[in-house]
Amino acid sequence: MSDLLLLLVTGLGLGALYFLAASGLSLIYGLMGVLNFAHGVFMTAGAYAGWLTMSDLPQSLPIGARLAVAVVVAVLVGAVIGLVVEVVLIRPLYHHHIQQVLVTVGLSLAGVAAAQGIWGADPRPVETPAWMSGTTVILGARLPNDRFVYIAVALMLLAGLLALLRYTRLGLVIRAGVENRTMVEALGIDVQRTFTIVFAIGGAAAGLAGVLYSQYAGAVSPGQGGSLLIYAFIVVVIGGMGSLTGTAVAAVVVGLVQQLANYYAASGVGDLSVVLLLALVLLLRPSSLKGASA
Amino acid sequence: MISATGVGWKVGGAQILHDVSLTVGTGELLGIIGPNGAGKSSLVNILSGVTRPSSGRITVQDRDVTRSSATARARMGLARSFQTSALFDGLTAGENVRLAVQAAGPAPFSPFRAAGPASGRRVDDLLARVRMPGRGATLARDLSHGDRRKLELAMALASSPSTLLLDEPMAGVSAEDVDGLTEIIGEVRDSGVAVAMVEHHMHVVLGLADRVAVLHHGELLAVGAPAEVTSDERVQQAYLGEAL
Amino acid sequence: MNDTPPAAAILSVADLHVRYGGSHVLQGVTFDVPATGVTALLGRNGVGKTTTLKAIIGLAPRTGRITLRGNEIQSQRTSRIVRGGIGYVPEDREVFGGLTVDENLRLVDPDRGVDAPVVAKLFPDLVGRGDQQAGTLSGGQQQMVSLARVLLRRNDLLLIDEPTKGLAPKLVTEVADVLAEVARTTPLLLVEQNLPLVRRIADQVVVIDAGRVVHHGDAAALVADPALTRELLGVSMRRKGAA
Amino acid sequence: GSPGQPGAPAGDGTAAASGGASGGPFKVGLVYSKSGPLATYGTQYRQGLTVGIDYATKGTGAVGGRAITITEADDAGDPAKAVASATDLIGQGNTIIAGSTSSGVALQVAPLAEDNKVLFISGPAAADAVTGANRYTFRSGRQTYQDVATAGSMLGDVKGKKVTVLAQDSAFGKANVAAVTAVLGAKGATVDSVEVPAAATDLTPFATKVKTAAPDLLFVAWAGANATAMWTTLGQQGVFETTKVVTGLDIKPTHALFGEVGTKINFLSHFFEGAADNAAYQALDKGLKAEGGAVDLFTNDGFVAGQMIVHALEAGGDVDSMVSALEGWSFEGPKGQLTIRPEDHALLQPMFTASLEKEGSNVVPQLVDTLSAEAVAPPVTPFK
Amino acid sequence: MTSQASHLTEAPEDAEPATRHTAEPEVARGRRRRPWKVVLPLVVLGVLAYLPYVAAELPGILPGRVNGPGSMQLLATCLVVAGIALSYDVLFGRTGLLSFGHALFVASGSYLLTISLSTWSLPLPAAVALALIASTVLSLVVGAVALRVGGIAFAMVTLAFAQAASIIVMRNPGGVTGGEEGKVLDRDAVPALLVGVANAPYRYWLALGFVVLAWVVVTLLIGSRAGRAMAAVRENESRAAVLGLGTYRVKLLAIVVASVLGALGGIVHALVLGGSNPHLTTSEFTLSLLVMVVLGGAGSRWGALLGGFLYAYADARLVEVSGAAWLEPLPEVVRQVLSQPLFILGVLFIVVVYFAPSGLTGLGGRLIRKAGSS
Ligand SMILES: Nc1ncnc2c1ncn2[C@@H]1O[C@H](COP(=O)(O)OP(=O)(O)OP(=O)(O)O)[C@@H](O)[C@H]1O
Ligand SMILES: Nc1ncnc2c1ncn2[C@@H]1O[C@H](COP(=O)(O)OP(=O)(O)OP(=O)(O)O)[C@@H](O)[C@H]1O
Ligand SMILES: [Mg+2]
Ligand SMILES: [Mg+2]
């Protein structure tokens with residue numbers, strides 16, 4: 001019983017991390033049709049930004065405060081990187097979706113290598129507030145505290161993004177621009193700026209995911225973002241290509257399935273559980289995968 | 001010849017077509033008219049196998065094809081054009097037509113047969129026939145609207161079909177060419193092809209159609225001789241209005 | 001309507017060229033659009049009518065001089081040009097199918113949706129459909145949305161590309177009425193294949209052939225001259241009333 | 001006329017100059033990770049090698065008056081690149097190839113040594129299969145078996161004890177499970193394993209499994225970026241309260257990655273700063289400091305490789321005499337006395353156990369025990 | 001969605017580029033035979049086949065003599081990769097299928113060969129046959145399932161399959177795959193001519209032979225009716241369906257042909273490099289195939305080959321940069337970053353995509369056309 005509770009809570013925590021990683025990806029894919037392979041690098045950048053901030057701030061500050069500043073910095077760095085990447089690399093290739101995707105592939109290669117060159121290939125330890133790595137005992141289960149933080153942040157992010165799309169003018173322009181960019185422009189709206197903002201938001205979400213994941217992992221390393229990216233992709237696909245709510249549901253399902261399979265099933269099954277899940281969705285509901293045509 | 005019996009189609013909770021039954025015989029041209037959104041294109045999609053009906057039966061040459069794919073129906077001599085042109089945008093106009101010609105040939109997709117230039121002549125003939133000679137080397141995506149419509153028609157004709165479904169072949173075609181294309185479609189019909197044509201240009205429909213079917217809110221409102229149908233008050237009210 | 005005295009030009013296009021890759025689509029198009037009434041842009045398929053409209057609002061790569069009320073706009077971005085007072089209704093309606101009718105309208109003006117007076121006046125059919133997905137509308141209704149959304153903003157000039165294409169005869173008549181109504185307050189540059197409609201609402205005509213202007217003048221005069229229409233457009237207006 | 005032999009040099013020169021009998025310099029090729037994920041290991045190895053050659057040639061950098069020239073190639077951790085580079089180096093007449101930071105590279109390059117009759121001295125690669133690969137292949141570092149045997153020593157008498165291996169579900173992990181079963185199982189322990197799929201992100205299920213199993217000894221075989229998360233999770237689930245936990249000590253930068261639980265872990269170690277003290281160690285320490293480096297795990301492997309290269313070359317450049325010279329050779333390396341076992345070229349060497357102690361904000365390893373080479377010697381795996 | 005790749009495709013090669021945009025009346029009647037279309041490949045082939053007899057040195061470009069073992073091995077690797085890229089282009093450039101799982105088939109060729117030679121002790125011809133047949137069956141199964149969806153979802157599903165294979169290889173079931181350490185080729189089971197440094201030229205010819213075979217197969221395919229049908233599917237799938245082209249079968253055929261060629265590439269790769277390594281199973285490998293094809297120009301045989309060749313060459317040679325002397329005067333951080341080969345490769349890739357969106361061959365074509373028209 002306590003084992004199950006532990007697995008469920010950590011599974012949800014895992015799902016929350018996956019959603020954090022996937023939300024920016026899903027947003028950018030869903031709205032701009034760009035499958036951003038550099039998303040992992042965006043996350044890595046957020047993680048390193050957070051790490052540098054934490055170690056550069058005076059050690060006399062309480063660690064909680066330093067972490068808070070680090071999160072803000074990571075989000076800003078993510079947003080700025082997203083912005084720059086959009087303006088410099090994505091925008092000029094505007095009618096060429098595949099090329100946009102390819103540019104992000106190049107960026108993901110170069111970004112990881114650059115981080116490796118600057119900070120080395122080895123993981124660097126990250127300070128974590130004692131409370132985050134502590135546990136709370138509920139019904140005999142030792143529940144790691146940080147998981148609650150991830151779940152709360154993920155929920156807030158989901159609500160925030162949905163509200164943005166549904167209730168703001170920016171959201172309206174974004175949704176229209178997804179369908180027909182030229183026509184939005186022809187209605188007198190500066191659509192370029194809007195898409196830059198989308199990319200910046202996606203980058204900010206990646207930065208947030210990166211810094212939180214580095215807290216979870218207790219370290220930063222160049223390949224960190226990339227390792228999370230593959231799950232983010234799968235979650236986005238299972239969630240129905242670009243639907244935020246779908247992404248959130250898929251993240252939770254993937255997190256739980258993975259966690260439960262790893263405990264209850266044979267090692268091989270746990271390993272393949274996510275792939276099996278994808279195959280299952282494919283066989284049972286192929287139409288849910290077709291998604292928005294981009 | 002092609003016929004639909006009791007065809008209904010439901011999508012996303014809405015009943016788009018209700019119990020539509022009609023037949024187009026050999027050498028006959030059936031005009032399909034009706035207000036925008038009545039379900040004309042949906043019907044063409046169902047007849048050609050692009051969508052599956054929720055109920056009812058489709059037969060081509062008296063064979064039940066309700067469950068066969070668009071590909072299979074095409075092999076049986078059914079060809080169609082699309083309302084919003086669906087061309088191979090990255091290929092030239094000539095190549096679009098050549099593909100259509102070859103698709104109709106024997107063993108359409110054999111990895112062992114060279115594509116060959118054999119049909120080059122026929123491609124040029126077809127392009128000339130739809131009033132766009134010399135456009136063969138232009139990429140389809142670079143064609144103007146009207147030219148795309150004409151290319152659509154050329155591709156539908158390419159296979160020398162026995163049944164032809166046309167969805168608004170004249171939309172956007174310049175006034176000058178409308179007459180020419182009308183003539184072509186008439187010739188095709190006269191050569192023994194069963195033609196169903198959705199069209200809003202009333203003078204084309206009236207000039208060509210042997211019979212006219214009127215769809216309204218997914219139901220067949222009337223089927224009959226052109227003059228008969230156009231004088232039907234409900235048709236005038238729902239569709240024709242007061243002409244320009 | 002053809003006896004309106006020619007007004008000062010609101011838009012002038014001078015020596016407009018458009019090249020796509022190797023093809024030279026517009027080869028020095030020059031014409032003026034008067035500040036009132038309907039100017040029809042005519043021509044056979046593929047001569048460059050759509051391209052002319054696109055070039056004016058900056059959706060096609062262009063060179064030449066385009067002035068709106070004396071201000072040069074040929075180097076401005078599309079969104080600037082549109083905010084500067086030119087409304088554009090594209091060839092394929094291009095409504096946002098995933099958005100509701102209301103959202104389609106609010107995109108242009110956040111404060112005015114289907115409840116805007118202009119919608120009620122010109123397109124009463126849309127009023128009750130605010131929450132319907134625009135993609136599920138019939139072709140004619142989509143055409144109304146496409147027109148309505150440019151009318152929400154005050155325009156100095158409207159560019160409208162084949163608004164009646166694919167519409168049922170009854171709707172063609174209705175749209176023609178709407179256009180005539182709009183033209184009372186805003187000059188229109190209208191691309192149209194439907195000559196009866198041109199005859200009914202156009203004041204001026206510009207005929208393009210092979211990327212050049214081959215005729216420019218009074219609409220009634222052109223339509224009344226079968227030889228000329230046959231020469232320019234390949235048809236004469238013999239079928240009265242057929243549309 | 002007809003073309004000559006494919007691959008022949010211009011004119012009709014016969015075989016490429018082999019560093020053999022003639023009087024030119026001795027040519028040694030290095031294939032190791034200068035970039036890529038194992039670049040840090042590679043750097044340590046390279047630094048150690050320089051110092052080792054210097055030490056073994058008494059600062060002359062030459063053997064019998066003939067200089068040793070070293071040509072480097074970067075494999076970036078990719079066996080395909082390593083094979084291409086090794087082919088190139090062999091083709092250029094290098095009679096000794098050294099390097100191989102990763103096991104994948106070592107195992108793919110070893111056959112080239114046999115195919116082409118050159119000496120291959122593998123570096124930090126730990127795979128047991130390098131030992132006994134062929135007569136031309138040697139190693140300058142330790143192998144997995146020796147790590148595991150060291151861990152086993154920490155339990156004292158393992159008879160009837162329960163041992164669990166927490167390992168990644170990969171060749172590296174599986175090799176560790178197999179080695180633990182072989183070493184400790186043979187001594188009477190019951191060994192089972194918890195294998196963690198490569199695809200796992202959250203390790204709580206595995207920590208829970210370990211907790212439930214409550215073994216006497218937990219052997220952790222882990223390589224990779226999520227080490228900290230793994231240790232934190234083990235700590236959170238209270239594994240340390242009931243079980244003795246052993247793992248291998250990696251390079252310095254990783255010492256902080258054990259996080260809060262670092263001081264509770266028992267470490268087996270191949271080599272670390274302060275593990276030993278002898279002439280070779282001092283030379284290594286001095287040499288590295290002069291270069292701005294510091295003693296760490298794989299500087300030893302480089303140093304020993306340097307010693308082996310020089311010793312081999314002292315026998316002349318001929319491959320067979322180099323092999324004979326190395327077989328059975330016993331010498332003093334930075335870790336202590338090392339012996340190359342003739343039967344399979346295993347490098348018999350002492351091993352260490354250690355603990356991490358906090359020193360200010362740093363953690364530093366402290367020597368707990370030194371195990372003799374015989375106590376951890378792997379079984380003989382004769383050449384095929 | 002189906003035309004994912006269409007806009008990077010330089011249109012079919014045999015559509016005369018010069019007349020494509022103009023509208024002169026006399027066009028594309030049959031196809032004028034361009035003699036150089038036949039001669040050029042033969043000349044290139046002749047030069048390549050002769051390289052093992054060229055003893056000249058090309059300092060900075062090749063390690064040592066052109067026909068030295070190092071250069072021969074490097075060129076052989078580049079050729080194999082080029083051939084594999086060509087096989088991938090059948091999917092991506094020709095049929096518009098964005099597959100992220102092509103690595104699976106290359107790996108299956110490579111691993112099945114090494115495993116059947118050493119674990120099952122089959123003779124070489126039997127091992128090759130087994131690897132090819134098994135890969136064909138695998139491609140049929142994977143293709144049949146993955147084709148249930150299209151577009152990016154197809155990409156993701158193929159990625160998932162490849163990922164599963166990668167996981168299995170890494171887990172080293174029964175010790176047959178060697179896990180992350182890879183599987184060494186059993187030297188005794190292959191002809192002596194293919195083993196050893198001195199025999200690098202023979203491995204080079206083997207690789208060249210593979211490229212020629214792949215070229216011929218792809219040429220026959222695209223010239224066939226099936227090849228036309230593939231182009232049609234790429235451009236507009238639903239349209240192809242109503243024309244009576246069985247789009248599912250066309251796509252499946254493309255997958256099978258590409259996979260068999262890919263598997264053959266895997267086999268040759270294993271023979272050239274002396275073993276299989278798990279890098280072949282990773283999604284990064286498929287991704288790099290995509291990079292190659294785009295680099296060279298999708299939908300063009302020269303493009304895919306050139307892209308694959310250059311990518312492999314850059315991948316192998318850029319590590320030389322890390323030690324290069326000209327880096328010395330640069331600031332520390334810049335030097336560290338520049339000494340990462342992957343950084344340079346990534347940046348190079350961006351630059352190519354950016355300045356030559358239709359690939360190097362497309363760029364070449366554009367320059368030629370420009371020169372011709374001015
Ligand atoms: N996938 C769908 N989901 C919901 N409604 C649909 C769908 N497809 C079609 N419809 C609706 O079905 C009706 C019939 O559409 P159809 O395209 O057949 O009309 P049509 O008669 O061809 O009209 P037009 O003359 O404007 O082309 C329309 O009201 C349309 O909104
Ligand atoms: N993007 C493009 N690239 C190349 N050529 C183009 C492009 N767009 C249009 N063209 C060419 O420009 C010419 C004019 O096209 P345009 O769409 O302006 O014609 P149109 O007069 O509107 O015709 P229609 O009555 O058929 O709509 C055509 O020959 C067309 O092929
Ligand atoms: Mg329709
Ligand atoms: Mg037009």
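Below, chain A is the first sequence line, B the second, and so on; all start at residue 1.
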Testing A:Val84, A:Leu83, A:Leu27, A:Asn36 for side chain to side chain contact (heavy atoms under 4.5 Å, CB included) with A:Phe199, which one passes? A:Asn36

Test side chain to side chain contact (heavy atoms under 4.5 Å, CB included) applied to A:Val254 - qualifying residues, sequence neighbours left out: A:Tyr18, A:Val235, A:Ile238, A:Val274, A:Leu277

Tell me, side chain or backbone of E:Phe343 under 4.5 Å from chain A's heavy atoms, or both, or neither? both

Under 4.5 Å to a heavy atom of chain A? For E:Leu348 that would be neither

Relative to chain E, which segment of A:Leu89 carries a heavy atom at a distance below 4.5 Å: side chain, backbone, both, or neither? both

Pair listing, salt bridge (charged side-chain N to carboxylate O under 4.0 Å, His left out) test, anchored in residues 87-98 of chain A, at least two apart: A:Glu86-A:Arg91

Side-chain donor or acceptor of A:Tyr48 paired with backbone N/O of A:Ala74 under 3.5 Å: no

